[in-house]
Amino acid sequence: AQSVTQPDIHITVSEGASLELRCNYSYGATPYLFWYVQSPGQGLQLLLKYFSGDTLVQGIKGFEAEFKRSQSSFNLRKPSVHWSDAAEYFCAVGEGSGGGADGLTFGKGTHLIIQP
Amino acid sequence: KAGVTQTPRYLIKTRGQQVTLSCSPISGHRSVSWYQQTPGQGLQFLFEYFSETQRNKGNFPGRFSGRQFSNSRSEMNVSTLELGDSALYLCASSFGAGDTDTQYFGPGTRLTVL
């Protein structure tokens with residue numbers, strides 16, 4: 001069965017500093033990988049996704065993620081965070097671009113806190 | 001284009017009651033998936049409907065059911081509510097079937113069971 005691990009429950013970063021959120025997945029075939037962000041009281045917003053091709057994926061709001069098959073990782077990065085980036089971030093894996101037969105499998109999330 | 005809408009946004013019920021949640025997908029989208037989000041279990045897939053047919057279902061008891069109408073709007077129903085059903089229920093829509101197209105999420109319905 002597929003699974004996703006986000007090792008960091010909380011991360012605190014100073015505004016303007018760089019950010020890296022970790023994501024490790026377990027999946028037998030070529031995965032479809034996603035990062036979503038959830039602000040308080042909001043649903044999930046898709047930041048970026050990886051299906052194939054270039055392993056460095058650019059997303060919205062200045063985020064990027066790198067797929068590393070050898071490490072089963074799909075870490076999310078941003079060179080300079082803004083206070084508005086404070087939110088919950090979810091990594092997800094699926095069989096297909098929309099999730100696959102069993103829907104998307106999500107990690108438990110990383111809560112990002114931005115210090116002024 | 002309007003996003004995914006869910007109604008109601010908040011709901012309070014008591015144990016043993018039943019509840020119906022509604023989801024209107026993005027115009028033109030034919031697939032609707034439902035997820036349950038709780039602090040303990042995180043986000044879990046409930047089921048997906050495509051063209052009025054349930055394609056897949058997650059590991060949830062039969063008390064959880066759903067349906068999709070010809071206009072792609074979807075409802076999910078939970079019968080005989082339990083305290084553990086308190087959660088944020090998220091709906092996501094996609095143009096194609098859930099395994100072929102990116103899902104876009106609504107704001108969710110917060111269900112509290114007392």
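All chains are named by letter (A, B, ...) in the order of the sequence lines, taking the proteins before the strands, and each is independently numbered beginning at 1.
Heavy-atom distances place the side chain of B:Leu90, and not its backbone, under 4.5 Å from chain A. Residue A:Gln45: no heavy atom, backbone or side chain, is found under 4.5 Å from chain B. At a 4.5 Å heavy-atom cutoff, the contact between B:Gln37 and chain A is made by side-chain atoms alone. The part of B:Arg9 that comes within reach of chain A is its side chain, from C-beta onward, which places non-hydrogen atoms under 4.5 angstrom from that chain. Interface remark: A:Leu46 contributes side-chain atoms only to the contact with chain B (heavy atom separation under 4.5 Å). Looking at B:Leu46, there are no atoms closer than 4.5 Å to chain A (heavy atoms on both sides), in backbone or side chain.
Using a 4.5 Å heavy-atom cutoff, the side chains of A:Phe63 and A:Asp85 are in contact.
Closest non-hydrogen pair, B:Trp34 versus B:Ser22, comes out as CH2-C, 3.9 Å.
Residues that satisfy the ring-ring contact (aromatic ring centres under 6.0 Å, His included) test with A:His82, not counting sequence neighbours, are absent from this structure.
Residues B:Phe105 and A:Phe90 place their aromatic rings such that the two centres sit no closer than 6.0 Å.
Relative ring orientation between B:Tyr104 and B:His29 is described as tilted, the plane-to-plane angle lying within the 30° to 60° band.
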